[in-house]
Visitor: 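Here's a structure for you.
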Amino acid sequence: MAITVTPVMIKELRERTAAGLMDCKKALTETDGDIDKAIEFLRKKGLANAAKKAGRLASEGVVTAYVHSNNRVGVLLEVNCETDFVAQTPDFKQFCADVSMQIAAMNPAAVRREDMDTTKVESERALLREKALAEGKPEKMVDKIVDGQINKFYSESVLLEQKFVKDDKKTIEQIQQELVAKLGENIKIRRFTRYELGEGLEKKSEDFAAEVAAQIAAAKA
């Protein structure tokens, strides 16, 4: 027997997701009134819609600057969207701030795979292949093993594929897609430059990812 979707149920779902009235009603109808399943239904619908928006022109946005609290790392970041209105929203600004912190902490080499230096990637592939052969891996399996290791290399070096420092269950690309679904516009991280004090000079190593994680933990305490 189909459950009756009540205004109270719709109100609760809207408060928890900020989705539209008819979207909430449809989600609850499709999930027999289960709020948690309705939230997941809306999330998937939003991400599907986000994929459709990916080809739309995004020429507005912001160039934002971030300086880490120790004044040793700075980031300039450009993030694009479709309208100036969305560029001024708190959600968009927070996304830019989070991505800037990510870049400061995790030092990605490029925004996306196709932006990576192909010489660097091929050099890494050659080293991994040589290592696999030296370890006695069967030659017919080496290329498959190296492909897996190169994917891991990308996940550490490519900004969109990195785990989000504030929530390692999501990648930066997933965070971006969720924002597209929420704001209803195509949003793209276009480019960034990261500056580190004394970069290229001999100096002691510092774990900025650990420092950022510690600051987040302190803020939640």
Side-chain angles (χ1 to χ4, degrees), residues 47 50-51 54-55 63-80 95-180 187-217:
L47 293 180
V63 173
T64 186
Y66 168 83
V67 177
H68 194 56
S69 60
N70 61 6
N71 293 319
R72 297 180 64 86
V73 177
V75 173
L76 279 176
L77 169 71
E78 179 179 348
V79 181
N80 298 132
F95 174 72
C96 293
D98 286 341
V99 173
S100 296
M101 180 181 289
Q102 177 83 20
I103 294 166
M106 302 306 294
N107 194 16
V111 175
R112 50 191 65 82
R113 287 194 182 198
E114 53 266 37
D115 298 334
M116 286 285 291
D117 182 340
T118 54
T119 302
K120 183 176 181 180
V121 174
E122 289 310 310
S123 175
E124 182 71 15
R125 183 182 292 277
L127 287 172
L128 291 170
R129 196 174 196 284
E130 184 179 334
K131 181 181 177 183
L133 289 171
E135 290 174 349
K137 300 288 193 301
E139 187 162 0
K140 63 181 180 180
M141 294 293 294
V142 166
D143 287 338
K144 186 175 181 180
I145 293 169
V146 171
D147 283 344
Q149 292 173 327
I150 283 293
N151 281 330
K152 184 176 185 296
F153 171 72
Y154 277 130
S155 73
E156 295 170 349
S157 304
V158 174
L159 175 62
L160 289 174
E161 298 184 34
Q162 286 183 341
K163 298 293 185 183
F164 184 30
V165 291
K166 286 187 174 181
D167 180 358
D168 63 9
K169 293 181 176 62
K170 298 178 181 180
T171 64
I172 293 298
E173 185 169 25
Q174 287 172 321
I175 299 296
Q176 177 179 273
Q177 288 177 331
E178 288 175 0
L179 186 65
V180 172
I187 293 168
K188 288 185 176 293
I189 301 169
R190 186 184 178 204
R191 56 185 172 175
F192 67 85
T193 301
R194 181 183 184 274
Y195 300 92
E196 184 171 340
L197 183 67
E199 190 168 12
L201 303 176
E202 186 177 347
K203 62 185 188 303
K204 66 179 182 179
S205 175
E206 294 193 36
D207 189 345
F208 290 109
E211 185 177 334
V212 170
Q215 288 184 351
I216 293 170

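This is a predicted model, so every value here is computed, not measured. Only this structure's heavy atoms are used, side chains among them; waters, hydrogens and symmetry mates stay out. Numbers here simply count residues along the sequence, with the first being 1.
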Visitor: From I175 CD1 over to I187 CD1, what is the distance, rounded to the nearest 0.5 angstrom?
Guide: 12.0 Å
Visitor: If you define the side chain from C-beta out and look only at heavy atoms, does anything of V99 sit under 4.5 Å from Y66?
Guide: no
Visitor: Which value, rounded to the nearest 0.5 Å, describes the distance between S157 atom OG and I150 atom CD1?
Guide: 9.0 Å
Visitor: Just so I know, are the side chains of R113 and N151 near enough to count as touching, which here means a heavy-atom distance under 4.5 Å?
Guide: yes
Visitor: State the CG-OG1 distance between L159 and T171, to the nearest 0.5 angstrom.
Guide: 9.5 Å
Visitor: Answer yes or no: is there a donor N or O on one side and an acceptor on the other, between the side chain of Q102 and the main chain of V165, under 3.5 Å?
Guide: yes
Visitor: Kindly check if the number of other-residue, nucleotide or ligand heavy atoms within 6.0 Å of CD (E114) is above 12?
Guide: yes
Visitor: Without swapping roles, check the side chain of R112 against the backbone of I189 for a donor-acceptor pair under 3.5 Å.
Guide: yes
Visitor: Verify whether one side chain among N80 and R191 offers a donor that lies under 3.5 Å from an acceptor in the other.
Guide: no
Visitor: Indicate yes or no: at least one non-hydrogen side-chain atom of Q149 is less than 4.5 angstrom from one of V146.
Guide: yes
Visitor: To the nearest 0.5 Å, what is the distance between CZ on F164 and CE on M106?
Guide: 12.0 Å
Visitor: Between E199 and R194, is the closest basic N to carboxylate O distance under 4.0 Å?
Guide: no
Visitor: From E124 CD over to T119 OG1, what is the distance, rounded to the nearest 0.5 angstrom?
Guide: 13.0 Å
Visitor: Hey, could you give me the CG/CD1 distance between L77 and I103, rounded to the nearest 0.5 Å?
Guide: 5.0 Å
Visitor: Is a salt bridge present between K152 and E156, judged by a nitrogen-to-oxygen distance below 4.0 Å?
Guide: yes
